[in-house]
Amino acid sequence: QVQLVESGGGSVQAGGSLRLSCAAWGYTYGVYYMGCMGWFRQAPGKEREGVATIDSDGSTSYADSVKGRFTISKDNDKNILYLQMNSLKPEDTAMYLCAADQRGCRGLPTGQYKYWGQGTQVTVSS
């Protein structure tokens, strides 16, 4: 019904930057409207954690560990989600996944998004 297509992962040195992208496509209509969109990450041996969310009205939220360094944004017309990551640290190394749901963020339980991407690897070296 909906496919999330991610890009932008890679390997960088500490202090560098990356921008991740995720596009939501309907199998029939192409661009598909979403309410809440977000980014998650999971590192080996750790639980999956929420990184950032953005709602249909543009309101955002961030995990404490990335505040001031990461910025989530979206193109409302094309339903493309972005995560700008600056001042990257080795502890940011993880598989990053995008997620989306037609529901607004306020009514969406944490982690219970309807649609998920396959993930893109981010590796930060010192």
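Computed from a predicted structure; not experimentally measured.
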Quiz item: Which of these, Val122, Val66, Leu83, sits in a side-chain contact (heavy atoms from CB on, under 4.5 Å) with Arg41?
Solution: Val66
Do you know which two heavy atoms are closest between [X] and [Y], and how far apart they sit?
{"X": "Ala43", "Y": "Ala94", "result": "N-CB, 4.0 Å"}
{"X": "Arg69", "Y": "Ser87", "result": "NH1-O, 3.1 Å"}
{"X": "Gly50", "Y": "Ala63", "result": "O-CB, 3.4 Å"}
{"X": "Trp39", "Y": "Tyr82", "result": "NE1-O, 3.4 Å"}
{"X": "Asn86", "Y": "Ser17", "result": "OD1-OG, 2.9 Å"}

Exercise. Consider only side-chain N and O atoms of Thr93 and Thr123, and report whether a donor and an acceptor are under 3.5 Å apart.
Key: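 Result is no, nothing qualifies.
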Taking atom [atom1] of [X] and atom [atom2] of [Y], what is their separation to the nearest 0.5 Å?
{"X": "Tyr62", "Y": "Thr53", "atom1": "OH", "atom2": "OG1", "result": "8.5 Å"}
{"X": "Met37", "Y": "Leu81", "atom1": "CE", "atom2": "CG", "result": "4.5 Å"}
{"X": "Ile80", "Y": "Leu4", "atom1": "CD1", "atom2": "CG", "result": "12.0 Å"}
{"X": "Gln84", "Y": "Leu20", "atom1": "CD", "atom2": "CG", "result": "9.0 Å"}
{"X": "Tyr113", "Y": "Arg103", "atom1": "OH", "atom2": "CZ", "result": "10.0 Å"}
{"X": "Ser21", "Y": "Lys74", "atom1": "OG", "atom2": "NZ", "result": "15.0 Å"}

Quiz item: Could you walk me through whether Lys89 and Asp92 pass the salt bridge (Lys or Arg N to Asp or Glu O under 4.0 Å) check?
Solution: CA-CA 5 Å; Lys89 305 174 181 179; Asp92 294 318; over 6 Å; no
Common cluster, [X]/[Y], ILVMFWY with side-chain heavy-atom separation under 4.5 Å:
{"X": "Phe70", "Y": "Val12", "answer": "yes"}
{"X": "Leu108", "Y": "Ile72", "answer": "no"}
{"X": "Leu88", "Y": "Val51", "answer": "yes"}

Quiz prompt | Residue Gln13 excluded, over 12 heavy atoms near CD under 6.0 Å | solution =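 Count not over threshold, so no.
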Quiz item: Between Phe40 and Trp116, does the ring centre distance come in under 6.0 Å?
Solution: yes
Quiz item: Can you list every pair that meets disulfide bond (SG atoms under 2.5 Å apart) and has a residue in residues 50-118, with sequence neighbours left out?
Solution: Cys22-Cys98, Cys36-Cys105
Quiz item: Within the distance-only criterion (no hydrogens, no angle test), does the side chain of Asp55 pair as donor or acceptor with the backbone N or O of Asp57 below 3.5 angstrom?
Solution: no
Exercise. Take Leu97 and Glu6, measure what side-chain contact (heavy atoms from CB on, under 4.5 Å) needs, and give me the verdict at the end.
Key: CA-CA 8 Å; Leu97 304 97; Glu6 301 166 316; 4.3 Å; yes
